[in-house]
Amino acid sequence: MENIFKRLNKEQIEAVKTVEGPVLILAGAGSGKTTVLTSRIAYMIREKNIYPSSILAITFTNKAAGEMKERVKRIIGEEADRMWISTFHSACVRILRRDIDKIGYNSNFAIYDSDDQRVLIRDCMKELSINDKDITDREIIGKIGEAKDRLISADEFKRTNSGNFRTNKIADVYLLYEKKKKGFNALDFDDLIIKTVDLFNKNKEVLDFYRRKFKYVMVDEYQDTNHAQYKLVNLLSQEHKNICVVGDDDQCIYEWRGADINNILDFEKDYKNAKVIKLEENYRSYGNILKAANSVIQHNTNRKGKALRTEAEDGEKLRYFRAESDKDEARFVASEILRLKDEGKSFGDIAVLYRTNAQSRLFEECFINSIPYKLIGGTRFYERREIKDILSYLKLINNPLDDISLKRIINVPKRNIGDTTVQKIQEYANELELSLYNALLDVDSIPGLSGRSVTSVNKFLSLINSFIKIKEDMKVSDLIKSIINDSGYLDCLQKSTLVEDRARIENIEELVTSAVQFEESSEDQSLEKYLEDITLVADVDKYDEDADAVTLMTLHSAKGLEFPIVFMAGMENGVFPGNKSFSMESEMEESRRLCYVGITRAKERLYLTGAEMRMQYGRHEFHSESDFILEIPKDLIEQALQRKIAKPVINKRVTFEPDFKSYLNKNTENRLEESQVKIGSKVKHKLFGKGTVITIDKSTGSTKLKIAFENMGIKDLILDMAPLELI
DNA sequence: GGTCTGCAGCTTTTT
DNA sequence: GCTGCAGACC
């Protein structure tokens, strides 16, 4: 323990030692926040003899939770397993699985992701005859989500909004949505928090149990909590008041999904005699990077006010490059990365950060043949169609009341149960207030169904029932295998001639692999737990820092991470900050905080790039230089990379090609010969994995291949450039 | 009941 | 420029 204190500064030690009473730790970026938190836990257990099981530590992502657990384990050993270190959502699921029956749900409730939510909302809209053209599902989901973040129930929403035609309609959808969801025994993401608060409010025994259990509560990233989460923490810590929150108001970047910056700004009002500790010493970045971060964030008015300082040297200046076009921007980044690699840096030290996922495409295209990269975000594995299909089978088997999952797969693969049939079953179910599954059991008495439909429905029903029967004594991976075989799903894909269906088969195999991994790593191997795990993981959670590849991700995903070298791309008004920021000051402030988060990710070197012209909506859009660039003092920015140097020939997009070629030439061993490739050849690409050649085009000087990759879709590649091998 | 086609909307950000 | 969806057609 003494060893630990040696490595901490005065404020950090104070934060570690203040165990009793409310504490607010304002931890600037890179101020050793995680070290403080883990040391604090170790101190509580080792020095203060606090039971690990009476500590609840909440983090923002599963990854952060896992990391914290690992670090605590390293200090205090296996005892750490008896603490709860988890995300809000996981902690709530755990509480709800135990006691949700007390508020009228079944403990095997399903968790709906945003996709399921959207489908259900649309169903509700249809039922209420709300035309998509009057109010979009997006708007409704947004408004309902906003209400839920603030713990406003459907009833209350209806009561307070009945005056306005539009919001009244939304209130009706909200009411119906909640009713249906309850009938399906399902909870959406927001419900996980809300129902836990609900349970605590309605059931004193349960609340008391957890109050007594969790004598010490810690919340990381407190600036990103919404009102519901605030309430939850508040309920838990009301009595003992041993609550320690850690956060940085300057890093609040989730206001758009309900994060309430006032939770952190008002902490001292909410908890009398709260101790406030500021950690302002930064151990991550060089001086110039910090100076830039500080000067940007100073333009915000609504903040607690603190300034990061460091004892590190100034380091290099920031490098700014304004490219002619978005493509040139990507080329510049690629050529710089290759240069850095030649200088001895490793790809794993580098991250490219951008505002929107759409921006990743150009970087990917540019990196394809020369730079290994890993992409975080975008369309996620578990959101792919075939994966969602199989998961819907699993969800239905786990919880037959889940109408949304049932509807998704009742005719997938095709089994002659069309929309009309489903419509009739739905009407019957609505009338008798049955779930669809229960309505199917009565299929013989549903009016208006043809004999053929009844036969098909019965066949489907016995298929599902056979799965329900075997689910208890089968491993999840085996259950998945049974589903894809017995349902005919796999057959259907195998018979298909479409290339993308072959990729689908691979993805399903990948799903089986993931289930096996789950079985190997999880203690609780139930289907329920598996479904829970995959619904609650984010992409960042799986991010592997050891791989030698450049990381591509959004600024949001980068929060909590650090890299020796960072590129912030798209530094243009209209992109970052986005157009909306110019009409709303609060948006501008949030963007600025995001910028601050981005800058402070960098340890040694920071590049800022932008483009004059960018393709958006298939149009050429022209953007001015980002206001955030102007907020950084000029003397911190290196001007060596001006356009004059970068752009020798107008309209010739080869500016950075030489660097590229020299790099590629060094890596041309094992290249495929033209004579080796035929249509239908199976090849392996360094990054894209396995694929099949579908066309060969020699009309332009070089040989162009169209290749269907099993997991990456169809790509156009140039034979001489692409790292391909025959398999 | 299944398949094809044209068009609208999309780009914030995610547990 | 791409995707997903509604409506028309088979």
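Letters go in sequence order (proteins before strands), and every chain restarts at 1.
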| remark: Quick note, A:Thr421 side chain, CB onward, closest among B:dT14, C:dC5, B:dG1 is B:dG1

| query | CH2 of A:Trp256 versus P of B:dT11: gap in Å, rounded? | reply | 12 Å

| field | Protein-nucleotide distance (A:Ile410, atom CD1; B:dG1, atom C1'), rounded to Å | value | 14 Å

| task | Check the distance between B:dT3's P and A:Asn416's CG and give it to me in whole angstrom. | result | 11 Å

| field | Partner set under ring-ring contact (aromatic ring centres under 6.0 Å, His included) for A:Phe60, not counting sequence neighbours | value | A:Tyr254

| task | Rounded to the nearest angstrom, tell me the gap between atom CG in A:Asn579 and atom P in B:dT11. | result | 14 Å

| field | Whole-Å gap separating P (B:dT15) and CG (A:Asp115) | value | 15 Å

| query | Using centres under 5.5 Å plus planes under 30 degrees as the test, is A:Tyr254 stacked with B:dT13? | reply | no

| remark: Whole-Å distance, A:Ile534 CD1 to B:dT15 C1', equals 15 Å

| Rounded to whole angstrom units, what separation is found between the CZ atom of A:Arg593 and the C1' atom of B:dT13? | 13 Å

| message | Test of understanding: with salt bridge (Lys or Arg N to Asp or Glu O under 4.0 Å), list the residues that count as partners of A:Lys33, not counting sequence neighbours. | response | A:Asp220, A:Glu221

| message | Give me the distance, rounded to whole Å, that separates B:dT11 from C:dA6 when you measure between the C1' atoms they each carry. | response | 23 Å

| field | Whether A:Tyr112 and A:Phe184 hold their rings parallel, tilted or perpendicular, with breakpoints at 30° and 60° | value | tilted

